Enquirer: 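Below is one structure. I have some questions about it.
Keep in mind the model is a prediction, meaning the values are calculated, not measured. Chain letters run A, B, ... following the sequence lines, proteins first and then strands; every chain starts at 1. When reading the values below, keep in mind they use all heavy atoms of this one structure, side chains included, and skip hydrogens, waters and symmetry mates.
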4 protein chains.
Amino acid sequence: MDSNTNLSADKRAQILAGAAAVFAADGYEGASMARIALVAGVSKGTLYNHFDSKAALFTAYVGEKCDLYLAHVFDGTGHEGDPAEVLRGIGKRMMQMMLSDVGLAIYRVVIAEAAKFPDLARGFFESGPARAVGFMADWLAEETRRGRLAVPDPAFAAEQFFNLCQTRLVLRRKLEMLPDPPETDIEEVVEAAITMFLGTYRA
Amino acid sequence: MDSNTNLSADKRAQILAGAAAVFAADGYEGASMARIALVAGVSKGTLYNHFDSKAALFTAYVGEKCDLYLAHVFDGTGHEGDPAEVLRGIGKRMMQMMLSDVGLAIYRVVIAEAAKFPDLARGFFESGPARAVGFMADWLAEETRRGRLAVPDPAFAAEQFFNLCQTRLVLRRKLEMLPDPPETDIEEVVEAAITMFLGTYRA
Amino acid sequence: MDSNTNLSADKRAQILAGAAAVFAADGYEGASMARIALVAGVSKGTLYNHFDSKAALFTAYVGEKCDLYLAHVFDGTGHEGDPAEVLRGIGKRMMQMMLSDVGLAIYRVVIAEAAKFPDLARGFFESGPARAVGFMADWLAEETRRGRLAVPDPAFAAEQFFNLCQTRLVLRRKLEMLPDPPETDIEEVVEAAITMFLGTYRA
Amino acid sequence: MDSNTNLSADKRAQILAGAAAVFAADGYEGASMARIALVAGVSKGTLYNHFDSKAALFTAYVGEKCDLYLAHVFDGTGHEGDPAEVLRGIGKRMMQMMLSDVGLAIYRVVIAEAAKFPDLARGFFESGPARAVGFMADWLAEETRRGRLAVPDPAFAAEQFFNLCQTRLVLRRKLEMLPDPPETDIEEVVEAAITMFLGTYRA
DNA sequence: AATGAATGAGTTTTCATTCAT
DNA sequence: CATGAATGAAAACTCATTCAT
């Protein structure tokens with residue numbers, strides 16, 4: 001029975017992998033269940049044995065990506081040491097994620113379908129941005145207690161920092177004007193964000 | 001003869017108005033020509049007498065919005081007086097536009113279809129963000145010459161300011177988590193952006 | 001008023017010229033009134049001022065071609081002199097017509113639409129094949145009276161001769177397997193037809 | 001599993017039967033997929049599960065008719081005995097085929113669409129006329145070797161014979177002027193063709 | 001649980017025809 | 001009489017979903 005469960009879970013994962021490829025490439029409306037079945041290597045009927053509808057499959061796809069991809073951006077990130085160094089690590093990881101193919105694909109599809117799938121939009125927000133902001137806000141509060149920084153509203157400041165880090169690169173990438181942003185550009189932008197951020201919030 | 005021209009232009013405008021409503025509500029793929037015809041109050045055939053295809057209609061819709069809406073955000077904006085005051089005007093106008101229903105709808109649909117319509121994405125960028133950044137960068141350069149500010153890279157600084165202004169409100173609005181952002185919130189966020197911006201770039 | 005009539009007749013001829021080009025290229029179903037209007041250089045409305053419907057325009061086109069093109073294949077053909085020589089002239093003219101672009105186009109379109117436009121099919125038959133057969137049958141009857149030939153059923157014999165002349169070339173041309181049949185091939189085939197024909201019907 | 005295969009093949013055959021009826025009645029352009037689905041007793045979707053497009057269905061229809069209908073006209077035809085008798089059998093079978101409803105329908109539609117489907121036209125030629133000519137040419141060559149006939153160019157002579165056999169009946173049938181040609185007419189025409197043919201080619 | 005054939009409503013697009021100017 | 005915008009029915013084709021095997 002365990003093997004049975006595994007088999008079933010495997011099929012589910014197999015379908016989700018196909019769905020991920022197709023939804024990322026074609027968007028929600030542009031994706032067809034036939035194509036997902038083809039890419040996943042199963043029949044159309046099997047799709048419906050595992051997911052009630054196209055919308056349910058889409059929801060599961062986005063939910064999975066949010067859990068497995070966005071959610072772990074900061075897992076294991078140390079927040080000890082010099083504030084500038086910590087900000088550098090946070091900023092770079094965040095930007096690498098936002099500029100990656102997968103990160104971009106989820107963002108695109110969630111923004112496009114936010115009106116149709118509001119729960120998904122909220123789920124995306126909470127597994128991704130909200131989690132990152134929460135993590136960083138906690139750290140800012142601690143540094144403020146320690147006297148190294150002076151941040152009156154840590155959550156707001158965290159959001160400011162993430163917005164600053166997106167300068168120049170993120171919008172252009174979303175508009176397909178920047179196929180492959182180089183590492184050095186990210187570092188430059190993050191450095192400028194750190195300078196401005198500490199210029200305001202250093203104790 | 002004038003009436004003839006007006007009639008034709010009127011129909012075109014009528015169709016574009018219907019298209020705007022439907023594309024904004026349903027996105028490109030989600031919109032159907034039948035529904036656009038219904039909302040515009042014309043027959044499907046008339047749609048095709050004025051626009052060659054759905055893609056052409058979509059292109060005309062986005063192009064029009066970029067020209068008539070985004071492009072005029074800064075028309076007539078004075079850039080005299082105290083830097084903080086000028087930044088306040090720029091920031092507020094920009095945020096009002098980005099958070100408006102029309103601004104949001106264009107952003108959503110352009111981001112979603114950037115891969116399929118790269119020219120549109122570039123057109124959006126150039127009529128909207130690039131124009132705003134260019135306007136602000138010119139002003140920053142002038143203030144630097146005057147000795148009131150010290151901005152080494154005006155275009156980059158302008159993008160930083162716009163990103164700062166988006167804190168807290170814009171992403172939540174895109175995700176349908178903030179149906180109607182109040183004026184006071186915008187002012188608060190812009191004020192914080194001005195503080196941080198001048199903390200770095202004041203002479 | 002005469003000028004008026006002429007103007008009107010000119011427009012009619014202009015429309016028919018456009019219709020001829022389009023029907024020949026695209027067939028009846030494949031032709032569109034919009035394209036005919038374009039090629040004829042008039043508006044769609046003008047088409048309907050001169051012809052009641054697409055079917056009427058088609059009928060007029062085929063009728064005109066039958067009258068002006070098929071009907072005059074034998075005008076001015078002398079039927080004096082050596083029977084072989086007369087047969088040679090008749091056979092060659094007939095084959096040149098059947099293998100020409102215009103002749104082929106009419107045949108194709110009349111055959112394709114014979115079920116839908118039976119009157120047209122009969123009209124085609126009578127202006128074209130029947131006329132040729134009648135002309136030749138008269139000549140065969142006269143030669144029989146003169147004692148140079150012995151043809152018991154002149155109309156039947158005439159049809160036999162035309163069928164013989166089509167050997168090898170006509171079907172292949174109808175099937176687009178012979179874009180441009182050379183003159184010498186026609187002569188060869190006609191010669192063989194004459195030999196066989198006279199082998200049977202010479203007095 | 002056999003039943004499965006049969007089910008699928010049955011549906012295909014069922015669709016082809018419907019397509020045959022509609023294409024024969026309306027031609028390629030005049031036929032609609034909706035009507036074919038209706039006549040075949042399946043849904044439009046099922047049509048597209050079995051054939052990629054209208055053109056593919058048409059190609060399959062013509063190909064099937066050429067294979068199953070034209071190709072077997074001469075199967076089992078004995079070519080022993082008196083030449084006149086053999087010619088009589090060949091001529092009658094050929095004419096019965098050309099004057100039949102199915103034979104006429106394929107001819108009509110292939111001629112009409114030869115420009116659009118050149119491969120089909122060639123396929124028609126090779127399964128039908130070319131095969132008949134080849135068969136008869138072989139027999140003529142053998143009779144020439146045996147000394148009963150004297151045919152210098154057997155393929156050309158075969159085509160002459162088939163053209164002669166079409167006298168009076170075939171064109172009129174194609175033009176819908178002869179709904180149902182009686183057997184006796186065919187015999188008469190074929191007899192005349194044999195007379196003329198042997199008048200030239202008898203040893 | 002897996003399959004894939006069948007469905008029919010829905011999509012974009014074309015077209016013959018009409019009519020106000 | 002010429003125009004060309006407007007129409008709506010019909011075309012080819014797609015797709016999410018169901019269901020018998």
Enquirer: So what is the 5' to 3' dot-bracket string for DNA chain E, if pairs are Watson-Crick or G-U wobble with both distances under 3.5 Å, crossing pairs use [ ] and | means the partner sits on another strand?
Expert: .||||||||||||||||||||

Enquirer: Atom CZ in D:Phe58, atom CZ in D:Phe51: separation rounded to 0.5 Å?
Expert: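 That separation rounds to 13.0 Å.
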
Enquirer: Drop me the distance from C:Phe124's CZ to D:Lys174's NZ, to the nearest 0.5 angstrom.
Expert: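 Answer rounded to 0.5 Å: 10.5 Å.
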
Enquirer: Measuring from atom CG of C:Leu57 to atom OH of C:Tyr48, what distance do you get when rounded to the nearest 0.5 angstrom?
Expert: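 Here the interatomic distance stands at 8.5 Å.
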
Enquirer: Once you round it to whole Å, what is the distance between C1' of F:dA12 and CZ of D:Phe58?
Expert: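 Distance check: D:Phe58 CZ to F:dA12 C1' gives 16 Å.
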
Enquirer: Could you check C:Val42 against B:Gly41 and say which one's nearest nucleotide on DNA chain F is further toward the 5' end?
Expert: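 Its nucleotide being nearer the 5' end, the pick is C:Val42.
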
Enquirer: Tell me whether the side-chain N/O atoms of A:Ser43 come closer than 4.0 Å to OP1 or OP2 in E:dG4.
Expert: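 It does not, given that no N or O in the side chain of A:Ser43 lies less than 4.0 Å from OP1 or OP2 of E:dG4.
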
Enquirer: Using a cut-off of 4.0 Å on non-hydrogen atoms, how would the nucleic acid contact of C:Ala31 be classed: base, sugar-phosphate, or nothing?
Expert: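 Touches sugar-phosphate only.
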
Enquirer: OP1 or OP2 of F:dC1 less than 4.0 angstrom from a side-chain nitrogen or oxygen of C:His50, does that happen here?
Expert: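 False: C:His50 side-chain N/O out of range (4.0 Å or more) of F:dC1 OP1/OP2.
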
Enquirer: Considering residues, nucleotides and ligands other than A:Asp52, do more than 12 of their heavy atoms fall under 6.0 Å from its CG?
Expert: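 Incorrect, the count does not exceed 12.
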
Enquirer: Rounded to the nearest angstrom, tell me the gap between atom CE in C:Met33 and atom P in E:dC19.
Expert: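 Going from CE in C:Met33 over to P in E:dC19 covers 16 Å.
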
Enquirer: Please state how far atom NZ in B:Lys11 lies from atom P in E:dT21, giving the value in whole angstrom units.
Expert: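 After rounding, the gap between these two atoms is 12 Å.
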
Enquirer: Tell me every residue that passes side chain to side chain donor-acceptor pair (under 3.5 Å) with A:Thr46, counting only those two or more places apart in sequence or in another chain.
Expert: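 If we apply the side chain to side chain donor-acceptor pair (under 3.5 Å) test to A:Thr46, skipping adjacent residues, the hits are A:Ser43.
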
Enquirer: Rounded to whole Å, how long is the line connecting atom CZ of A:Phe51 with atom P of E:dA1?
Expert: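 Checked: the CZ to P distance equals 14 Å.
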
Enquirer: Can you tell which of E:dT13, E:dA2, F:dA6 lies closest to the side chain of B:Ser53?
Expert: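 So the side chain of B:Ser53 is nearest to E:dT13.
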
Enquirer: Show me the side-chain donor-acceptor pairs of residues 21-36 of chain A shorter than 3.5 Å, one per line, residues at least two apart or across chains.
Expert:
residue : atom : partner  : partner atom : Å
A:Glu29 : OE2  : A:Lys116 : NZ           : 2.8
A:Ser32 : OG   : A:Arg35  : N            : 3.0

Enquirer: Tell me which of D:Ile15 and C:Ala34 sits closer to the 5' end of DNA chain E, going by the nucleotide each one is nearest to.
Expert: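 Final value for this comparison: D:Ile15.
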
Enquirer: Atom OH of D:Tyr28 to atom P of F:dA11: distance rounded to whole Å?
Expert: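 Distance check: D:Tyr28 OH to F:dA11 P gives 14 Å.
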
Enquirer: Taking atom types as they are modelled, would you say the side chain of C:Asn49 forms a donor-acceptor pair with the base of F:dA2 within the 3.5 Å cutoff?
Expert: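 Donor-acceptor pair under 3.5 Å: yes.
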
Enquirer: What is the distance, rounded to the nearest whole Å, between atom NZ of B:Lys44 and atom P of F:dA10?
Expert: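 The answer, rounded to whole Å, is 12 Å.
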
Enquirer: Please classify the nucleic acid contact of A:Lys54 as base, sugar-phosphate, or nothing, using heavy-atom distances under 4.0 Å.
Expert: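 The residue A:Lys54 makes sugar-phosphate contact but no base contact.
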
Enquirer: Any donor and acceptor pair, going by atom type alone, linking the side chain of B:Glu176 with main-chain N or O of A:Ala115 inside 3.5 Å?
Expert: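 No: the side chain of B:Glu176 does not pair with the backbone of A:Ala115.
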
Enquirer: Measuring to OP1 and OP2 of F:dA5, would you say a side-chain N or O of B:Thr46 lies under 4.0 angstrom away?
Expert: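 Result: no.
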
Enquirer: Rounded to the Å, how far apart are C:Arg12 CZ and F:dA2 C1'?
Expert: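 These atoms are roughly 17 Å apart.
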
Enquirer: Give a yes/no on whether any side-chain N or O of C:Tyr48 is located under 4.0 angstrom from OP1 or OP2 of E:dT17.
Expert: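 C:Tyr48 to E:dT17 OP1/OP2: side-chain N or O found under 4.0 Å.
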
Enquirer: Starting from C1' on E:dT17, measure out to CZ on C:Arg35 and report it in whole angstrom.
Expert: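 One finds 20 Å between C1' of E:dT17 and CZ of C:Arg35, rounded.
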
Enquirer: Between the main-chain N or O of D:Met177 and the side-chain N or O of C:Arg122, is there a donor-acceptor pair closer than 3.5 Å?
Expert: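 It does not hold such a pair.
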
Enquirer: Between C:Ala55 and B:Ala55, which is nearer to the 5' end of DNA chain E once each is assigned its nearest nucleotide?
Expert: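 The 5'-side residue here is B:Ala55.
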
